[in-house]
Undergrad: 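A single structure is presented below for examination.
Per chain, numbering begins at 1; letters A, B, ... match sequence-line order.
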There are 2 protein chains.
Amino acid sequence: MSGPKKIKPAKKKTSDQRAGGSQKKPTREKILEAAIKMFSDYPYYAASIRMIGKEAEIDHPLVSYYFPTKALLFEEVIKHVTEEYYQANITWFEGLEEQTPERGLSLYIDRFFDFAVKHPKALRIVALNLVQAEGHDVIPGYERVRNFFAKTKQTFKKAIPLQGTADDIEMFTHSFNTLAINYLGASTYYAGILGLAPGSRQYLEWVKKTMIFVFLPPLKQIIIGE
Amino acid sequence: MSGPKKIKPAKKKTSDQRAGGSQKKPTREKILEAAIKMFSDYPYYAASIRMIGKEAEIDHPLVSYYFPTKALLFEEVIKHVTEEYYQANITWFEGLEEQTPERGLSLYIDRFFDFAVKHPKALRIVALNLVQAEGHDVIPGYERVRNFFAKTKQTFKKAIPLQGTADDIEMFTHSFNTLAINYLGASTYYAGILGLAPGSRQYLEWVKKTMIFVFLPPLKQIIIGE
DNA sequence: AGCTAATTTTAACGATCGTTAAAATTAGCT
DNA sequence: AGCTAATTTTAACGATCGTTAAAATTAGCT
């Protein structure tokens, strides 16, 4: 048996209770951060609890103390990362309804890029786990990625007034998001093919140009409604 | 030390030398087939030599006898699968140069689907290994997937007379192929979101409609040349 | 039939994995 | 200060992994 006791003591210290700023991060957070790093650098089965413990600078059984199983830890990571993505995604639409399709798409992509630069690990984890094997023991948290992806469609519909059919909107959002996640979450791969540096401005410019080239026509169609 | 001796005996039996048809498959082939199956159902680190041996109905050390390391076996699988895909891809363009963009794209997609239905494992393996982690020990055969993907651009350019700029063609092919591989190689995922059965006619129809919806406008642009 | 090399089987290796038990230490409280 | 519960460390577990060594069997040849 392990894990932090469920019954909390009466009072909890807030994170910056100690004077002079909080240099000591709670263990649980350290583990979660380390797990995010490892699960963005290695696929689920290749990243080990021991690697995560090392990354977090703790003894590896402590990982099991805070997260009873590897599957639960991974789920927590997926939950964290998809939630972060989902919440950010909502804000990217702000004020776009007043813009032309051209300007709106451009602004949206810029905001997406801003997120991608700030949270490269989140995008890589989503990209890495979008395509799953069909084996019987699917990766834990898979359902969460699926739900997150399905929800992006609703976000889009709510944010932008659209005249297109539900079918057209569905085709557009799935394609747009799949491509964006691939290009930004697997930038090492695509940048490599293009002969560019993954994080370079040139690569991001290529992605933006490409997304506009491909998605401006269908976007116009679902805004105007044919 | 293991592996079949490099010095071949003077004569080799052809596969159907025995009377009444060849019911006994060479061990090497059985292993390769089993490996293709397992690597399409499980990611590299989750699929084990022992699972592959079981699938091939042989004792697992025989796998090491024919393929000295797991990495080499995986590379062989990637090589086989990308080559199969690459060769098929070339044929999908036959006669398309005389068609309108609408008709040509439709025919191309039909041929692509035909391949997808016949070789679902090939597409799944490519999809599963398109996005890679950035860890130091990248999956073996990764370079091959990359090269294969880069070559599809050349195939397209050679097959169809295009007026568009090299940049536009590059944007088009990478986007088209990425999306096609995702939709067809991860059909369980996307069909699940759409509430359809992965192998169903309805799902394939959705994918076709989507690909035309998204890619017909940019295709016209690179054919006509703006 | 008898030799030789290729193939297959059996057994075991060292390494690593996720997880648990138990002891040691620390933090929070009166 | 002394008690209690939370946290951390240490050690070890059973399982599985890829690979190898050695023995057993089979196939191909004269």
Undergrad: With pairs defined as Watson-Crick or G-U wobble and both distances under 3.5 angstrom, please note down DNA chain D as a dot-bracket string, | for pairing with another strand.
TA: ||||||||||||||||||||||||||||||

Undergrad: Got a sec, which residues hit ring pair (Phe, Tyr, Trp, His ring centres under 6.0 Å) with B:Phe74, two or more places apart in sequence or on another chain?
TA: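 Partners of B:Phe74 under the ring pair (Phe, Tyr, Trp, His ring centres under 6.0 Å) test: B:Phe39, B:Tyr44.
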
Undergrad: Does NZ or CZ of A:Lys151 lie under 6.0 Å from the centre of the six-membered ring of A:Tyr86, at an angle within 45° of the ring axis?
TA: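 A:Lys151 over A:Tyr86 ring: yes.
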
Undergrad: Is any side-chain N or O of B:Tyr45 closer than 4.0 Å to OP1 or OP2 of C:dC17?
TA: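 Answer no for this pair, as no side-chain N or O of B:Tyr45 is under 4.0 Å from OP1 or OP2.
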
Undergrad: On a plain distance test, is the side chain of A:His60 in donor-acceptor contact with the base of C:dT19 below 3.5 Å?
TA: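 Pair found.
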
Undergrad: Of the candidate nucleotides C:dA12, D:dT7, C:dT19, which contains the atom at the shortest distance from the side chain of B:Arg50?
TA: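 Out of C:dA12, D:dT7, C:dT19, the nucleotide with an atom closest to B:Arg50's side chain is C:dA12.
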
Undergrad: Atom NZ of A:Lys70 and atom C1' of C:dT20: how far apart are they, to the nearest Å?
TA: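 So the two atoms are 17 Å apart, to the nearest Å.
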
Undergrad: What residues form a ring pair (Phe, Tyr, Trp, His ring centres under 6.0 Å) with A:Phe115, not counting sequence neighbours?
TA: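 Ring pair (Phe, Tyr, Trp, His ring centres under 6.0 Å) check on A:Phe115 returns A:Tyr85, A:Trp92, A:His119.
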
Undergrad: Roughly, in whole Å, what's the span from CG in B:Leu62 to C1' in D:dT19?
TA: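 Distance check: B:Leu62 CG to D:dT19 C1' gives 14 Å.
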
Undergrad: State whether B:Ser48 places a side-chain N or O below 4.0 Å from either non-bridging phosphate oxygen (OP1 or OP2) of D:dT16.
TA: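 It does not, given that no N or O in the side chain of B:Ser48 lies less than 4.0 Å from OP1 or OP2 of D:dT16.
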
Undergrad: Less than 6.0 Å separating the ring centroids of B:Tyr108 and B:Phe215?
TA: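 No, the ring centres sit 6.0 Å or more apart.
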
Undergrad: Check the phosphate of D:dG18 against B:Ser64, side-chain N and O only, distance under 4.0 Å to OP1 or OP2. Yes or no?
TA: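 Checking D:dG18 against B:Ser64, no side-chain N or O comes under 4.0 Å of OP1 or OP2.
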
Undergrad: Side chain of A:Pro61: nearest nucleotide among D:dA11, C:dT8, C:dG18?
TA: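 The closest nucleotide is D:dA11.
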
Undergrad: Considering residues, nucleotides and ligands other than A:Gln202, do more than 12 of their heavy atoms fall under 6.0 Å from its CD?
TA: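 Atom CD in A:Gln202 is not packed in, count stays at 12 or less.
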
